[in-house]
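Below is one structure, written out as structure tokens; comments come after it.
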Amino acid sequence: MDNFEPHIYELSAPGKHGTNLPRLDVPETDLPENLLRQDDLNDFPELTELEVVRHYTRISRNNASIDTGPIFLGSCTMKGNPKLHEEVARYAGFAAAHPLQGDALSQGALRLMYELQHYLGEISGFEAVSLQPAAGAQGEFTGILAFRAYHLDRGDHDRTEVLVPNAAHGTNPATAAMAGLKVVELKSDARGNVDMDDLRARLSPRTAGMMLTNPNTLGLFEDQIVEICRLVHEAGGLMYGDGANFNAILGIARPGELGFDFMHYNLHKTFTTPHGGGGPGSGAVGCTAALAPFLPGPRVRKAPDGSYELYTPEKSIGRMKAFHGNFGMLVRAWTYIRTLGEEGLREVSETAVLNANYVRARLKDLYPQAVDRICMHETVLKGQIAGASGVRTLDIAKRLIDYGFHPPTIYFPLIVPEALMIEPTETESKRTLDQFIEAMRAIAREAVETPELLHEAPTRAPVRRLDEVRAARQPVLRYDAEAFRRLREG
Ligand SMILES: *Cc1c(COP(=O)(O)O)cnc(C)c1O
């Protein structure tokens, strides 16, 4: 087991080194006392180059990644990131551009941003796009601040409530609360959609807007979407579209035409800029002409002489991010859109939806579907296997690791008990889907016949079940000989 390998600090010994420095060929001088380090460097391990290389290579192999296997994390859209994007993002003109070099020396980069603004607007049916936000959650925050600014600009001061369905991603209510507004939760109906009666009852002159993901977090299309938007607008509110599930409708439906006023694009989900491990991401936003003056700057426009220039919209809510957003992510998303074109993007969504329904249809006899309907790009099942009373979704997820699969999203959305949220994406082959389905079916049999295998899982991973809450609350980020000894002794 990897954990029983000596830690890099234990391999350290005085005098080991990885480089040979050239002989000193300039005169030695004394540095002033106040510039000299006062404490010892004794926290630095001393190792050979080969030991360091093996250490990092070994721990890198403990990582799950899209380059080593499928990651069916529902809502996260963990699809293949084409290597071409990496090559383009590394072109010196992009990678070595300095953010302060000025518009005149940045025409290529600005053109790319201008075109990406245009493409995203076209794909989603919006008038204006800002590439500033660094993540979906920051795009949401941008949108809700823009809603508030819009209402206040019209002298409409009492709109302090944001409607959020109870199936929503946690960032939606968090966003509304951070923007200083009140979250009003909406019920879902038996079909897994927004409960229309509840919506009608909660709309009021205090409604600033509504946040909705479509398809929603149950992987289901909100088929009342046009009516929902009509009702919210009639009450004077605005519609925010959480675009995390845009992978399901590319080239098929345009949120701007469905009635949304503002949305974010998770470029790191739908548009294959790599994600995992915390970023960088990009949560570009699009909106209607009425909201465009409030967008964060800088945006890119064409000057009368045909050159590209940065500007800040007149009533902008301000910057969301330093400089030009996460530019490297913009290069990758532009490349993706240009590579696929209109038909390719539509095919992405058609295949993603087909793959999710294939998995759904082949598993729902063993894992009941949260709502028995055709799904979009992801499906929500329940880890409630008939005849396996002591087994929970967590056990199923851990057992999948023993079968070599990264588990899907679990216990989300919160309204589904024992939820298993599976998003195969369009980039996985039928063979991979079949292997996953076979593993899930085998685990369902084990859950009834040999449940201890599930309770003990994972047994084939570098670590066993972790205390995830403690790991998040009290992370040990530095080498600690004592903690390491305890971990090793289990
Ligand atoms: C991922 C996700 C978000 C948040 O996006 P980040 O880029 O992770 O900040 C919001 N809503 C839904 C439905 C998501 O899946």
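Atoms within each ligand, like the ligands themselves, are counted from 1 in listed order. This structure is a prediction, so every number in the text was calculated from the model and none was measured. Numbers here are sequence positions counted from 1.
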Legend entry - For ligand 1, the portion of S75 having any non-hydrogen atom under 4.0 Å away: both
Inset, instruction - Consider every N or O of A137 and every N or O of ligand 1, then say whether any pair is closer than 3.5 Å. - result: yes
Inset, instruction - Would you please say whether a donor-acceptor pair under 3.5 Å links the side chains of K430 and N355? - result: no
Legend entry - Parallel, tilted or perpendicular: rings of F436 and F72 (30°, 60°): tilted
Legend entry - Contact summary for Y265 and S124, nearest pair of heavy atoms: OH-OG, 2.7 Å
Inset, instruction - Provide the number and element of each atom of ligand 1 under 4.0 Å from a heavy atom of G136. - result: 5 (O), 6 (P), 7 (O), 9 (O)
List the atom pairs, donor and acceptor, that lie under 3.5 Å between side-chain atoms in residues 212-220 and the rest of the protein, sequence neighbours left out.
| from | atom 1 | to | atom 2 | distance (Å) |
| --- | --- | --- | --- | --- |
| N214 | OD1 | E222 | N | 2.7 |
| N216 | OD1 | L218 | N | 2.9 |
| N216 | OD1 | G219 | N | 3.4 |
| N216 | OD1 | L220 | N | 3.1 |
| N216 | ND2 | G192 | O | 2.8 |
| N216 | ND2 | E222 | OE2 | 2.9 |
| T217 | OG1 | A167 | O | 2.4 |

Inset, instruction - Tell me whether the guanidinium CZ or amine NZ of R301 lies under 6.0 angstrom from the six-membered ring centre of Y311 and within 45° of its axis. - result: yes
Inset, instruction - Take every heavy atom of Q138, measure it against each atom of ligand 1, and state whether any distance is under 4.0 Å. - result: no
Inset, instruction - May I ask you to check if ligand 1 and T213 share an N or O to N or O distance below 3.5 Å? - result: no
Inset, instruction - Distance to 0.1 Å, residue and atom name: give those for the protein heavy atom nearest to atom 5 (O) of ligand 1. - result: N266 ND2, 3.0 Å
Inset, instruction - Would you please classify the geometry between the Y119 ring and the W334 ring as parallel, tilted or perpendicular, with 30° and 60° separating the classes? - result: tilted
Inset, instruction - For ligand 1, indicate whether the residue E140 contacts it via side chain, backbone, both or neither (heavy-atom separation under 4.0 Å). - result: side chain
Inset, instruction - Return the orientation label for the H268 and H275 ring planes: parallel under 30°, perpendicular over 60°, tilted otherwise. - result: perpendicular
Inset, instruction - Could you find the nearest protein heavy atom to atom 11 (N) of ligand 1 and give me its residue, atom name and distance? - result: D242 OD2, 2.5 Å
Inset, instruction - Find all atoms of ligand 1 within a distance of less than 4.0 Å from any non-hydrogen atom belonging to A244, and give their numbers and elements. - result: 2 (C), 11 (N), 12 (C), 13 (C), 14 (C), 15 (O)
Legend entry - Nitrogen or oxygen atoms of K269 and ligand 1 under 3.5 Å apart: yes
